[in-house]
Amino acid sequence: MNIIDIHTHGIGGYDTRTSNPQDILRMAEIQASLGVSAIVPAIYPDAIDVMRNNIIAVKSAMEMQRSKARGSDNLHVRPPEAAILGVHLEGPFLNSKKCGALKSSSFIEPNESNLRKIIDGFEDIVKIITIAPELNGSLKLIKKMSDIGIIASMGHSDATYAEAEAGFKAGARGITHIFNAMRGIHHREPGIAGFGLLNKHIYVEVIADPYHLNEKTLELIFRTKNPDRIILVSDSVKETKTSGANHGHGVMDDAGRLHGGSLTLAESAQRLAELGYYRDIIEGCTDRNPRKYIS
């Protein structure tokens with residue numbers, strides 16, 4: 001079974017806030033040791049030049065992996081690595097009202113000029129961009145992303161149901177970590193989370209550690225959503241541990257907010273299987289699902 005994590009910022013002391021491709025390769029190595037076959041490293045929103053340096057590190061790591069695969073390195077003496085499939089830009093076209101633990105001062109206006117400043121030269125590896133559809137200019141930018149082959153995933157958003165639906169009609173294909181850092185469901189306004197559950201076609205990311213979603217919220221998701229449209233993600237960060245006394249504890253920032261996932265993807269899948277969602281997990285976190293999503 002090939003397990004793919006399309007939303008991982010880091011793990012075991014390494015993350016994408018780096019200009020060193022060796023840090024990205026180390027992430028890939030740790031992920032492989034934990035049962036993950038492929039990753040799409042997620043870039044934090046930051047100043048444009050910082051984001052570009054982070055993307056360069058991922059691109060260089062991808063090129064190094066390809067070089068090794070061609071036999072220019074002695075593979076049998078190296079640890080295996082999860083394949084790096086591209087990058088996921090979590091922002092910077094996000095709503096500061098729903099910034100979560102992200103740096104809201106780095107959020108910028110969603111327009112084509114700003115998009116080009118970030119992705120110029122990286123169009124071949126940028127697979128996903130998280131964007132808040134309710135912001136002025138977002139719908140045009142979602143359409144532009146879709147036209148050039150980048151997946152627009154709606155998230156860090158205060159969108160109403162209608163605004164999320166407009167994002168979907170403009171070309172958005174996914175929702176980033178549903179329920180987390182977004183408008184929730186209200187009985188008079190189902191919001192973006194309600195849209196994610198009810199729309200049959202849109203994909204939703206799910207963080208399934210014990211902290212991001214209540215078990216009953218997970219039950220709501222799996223009872224409502226076609227499992228083929230559920231993508232399990234870790235949202236792991238540099239502080240996510242792979243073993244030891246703090247392994248599996250919630251990763252918090254200095255303000256006491258959840259900062260990232262606490263479990264690896266394989267562990268999240270195991271937890272959900274124990275909760276009774278085994279068939280759904282087989283359909284929702286292997287390459288039967290994410291590869292189709294990012295292809």
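- Scanning all heavy atoms of the two residues, the minimum distance from D235 to E90 falls at OD1-OE1, 4.5 Å.
- With values rounded to the nearest 0.5 angstrom, I131 atom CD1 is found 8.0 Å from L139 atom CG.
- You'll find the side chain of I202 reaches within 4.5 Å of the side chain of K225, heavy atoms only.
- L265 is listed as a side-chain neighbour of L232, based on a closest heavy-atom distance under 4.5 Å.
- Residues I207 and L263 fall into different hydrophobic clusters, defined by Ile, Leu, Val, Met, Phe, Trp and Tyr side chains chained together at heavy-atom separations under 4.5 Å.
- In this structure, L213 and I221 have side chains that are in contact, with non-hydrogen atoms separated by less than 4.5 Å.
- Within the 3.5 Å criterion, the main-chain N or O of T16 finds a donor-acceptor partner in the side chain of N54.
- Summarising the geometry of P41 relative to G86, their closest heavy-atom pair is CD-O, 3.0 Å, with the distance given to 0.1 Å.
- I125 contributes atom CD1, which lies 9.5 Å from atom CD1 of I56 (distance to the nearest 0.5 angstrom).
- Looking at heavy atoms from C-beta onward, N95 lies out of side-chain contact with F107 at the 4.5 angstrom threshold.
- Counting heavy atoms from C-beta outward, N199 and E165 have side chains that stay 4.5 Å or more apart.
- Looking at E109, its side chain never comes within 3.5 Å of a backbone N or O of N111 through a donor-acceptor pair.
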*Dump the intermediate steps for side chain to side chain contact (heavy atoms under 4.5 Å, CB included) on L275 and E215, then the final yes or no.*
CA-CA 8 Å; L275 292 173; E215 286 186 15; 3.8 Å; yes
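- Although no hydrogens or angles enter the test, the distance criterion places no donor-acceptor pair under 3.5 Å between the side chain of S67 and the main chain of M64.
- A donor-acceptor pair shorter than 3.5 Å cannot be found between the side chains of E134 and T160.
- R229 places a side-chain N or O within donor-acceptor distance of the main-chain N or O of H201, the cut-off being under 3.5 Å.
- The shortest non-hydrogen separation linking M154 to P133 is SD-CG, 3.5 Å.
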*Check the pair K98 / L94 against side chain to side chain contact (heavy atoms under 4.5 Å, CB included), numbers first and verdict last.*
CA-CA 8 Å; K98 298 294 181 180; L94 307 176; over 6 Å; no
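- The structure places NE2 of H9 at 11.0 Å from CD of E239, a figure rounded to the nearest 0.5 Å.
- In this structure, CD1 on I3 lies 8.5 Å from OG1 on T264, to the nearest 0.5 angstrom.
- Cluster membership for L89 and F93, using ILVMFWY side-chain heavy atoms within less than 4.5 angstrom, is shared.
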*In sequence, state the C-alpha distance, the side-chain angles, and the governing distance for F179 and L220, and then conclude on side chain to side chain contact (heavy atoms under 4.5 Å, CB included).*
CA-CA 11 Å; F179 284 106; L220 174 64; 4.2 Å; yes
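- Geometrically, R52 does not engage F122 in a cation-pi contact, judged by NZ or CZ lying under 6.0 Å from the ring centre and within 45° of the ring axis.
- Between the S106 side chain and the K103 main chain, a donor and an acceptor come within less than 3.5 Å of each other.
- Here the closest non-hydrogen pair linking A170 and S146 is O-OG, 4.3 Å.
- Minimum heavy-atom separation, D209 to S262: OD2-N, 2.9 Å.
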*Stepwise side chain to side chain contact (heavy atoms under 4.5 Å, CB included) check, V206 with V233*: CA-CA 6 Å; V206 171; V233 298; over 6 Å; no
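- Remark: L102 CG to S96 OG distance equals 11.5 Å, nearest 0.5 Å.
- Atom CG of N136 sits in a sparse spot, with 12 or fewer heavy atoms from other residues, nucleotides or ligands closer than 6.0 Å.
- Using a 4.0 Å cut-off between charged side-chain N and carboxylate O, R17 and D23 make no salt bridge.
- Looking at R271 and P210, their side chains come closer than 4.5 Å, going by heavy atoms from C-beta outward.
- The backbone N or O of G261 sits nowhere less than 3.5 Å from a side-chain atom of S234 that would complete a donor-acceptor pair.
- E81 has no carboxylate O lying under 4.0 Å from a charged side-chain N of R26, or vice versa, which leaves the two without a salt bridge.
- Put simply, the side chain of L197 reaches to within 4.5 Å of the side chain of I178, judged on heavy atoms.
- For the pair E123 (side chain) and G121 (backbone), a donor-acceptor distance under 3.5 Å is present.
- Taking the six-membered ring wherever Trp is involved, the centroid distance between the rings of H212 and H177 does not fall below 6.0 Å.
- For the atom pair OG (S104) and NZ (K97), the distance works out to 13.0 Å, reported to the nearest 0.5 Å.
- When the shell of 6.0 Å around NZ of K292 is examined, it contains more than 12 heavy atoms from other residues, nucleotides or ligands.
- Cluster membership for I48 and M145, using ILVMFWY side-chain heavy atoms within less than 4.5 angstrom, is shared.
- Hydrophobic cluster membership differs between I4 and V36, with clusters built from Ile, Leu, Val, Met, Phe, Trp and Tyr side chains linked at under 4.5 angstrom.
- For the residue pair T130 / S153, no side-chain donor-acceptor distance below 3.5 Å is found, with atom types taken as modelled.
- Within the 4.5 Å cutoff, side-chain heavy atoms of L115 are placed close to those of I129.
- Using modelled atom types, one side-chain atom of R173 and one backbone atom of Y293 make a donor-acceptor pair closer than 3.5 Å.
- Nearest heavy atoms, K127 versus I294: CD-O, 4.2 Å.
- I24 and V40 are not part of a single hydrophobic cluster, where members link through side-chain heavy atoms under 4.5 Å apart.
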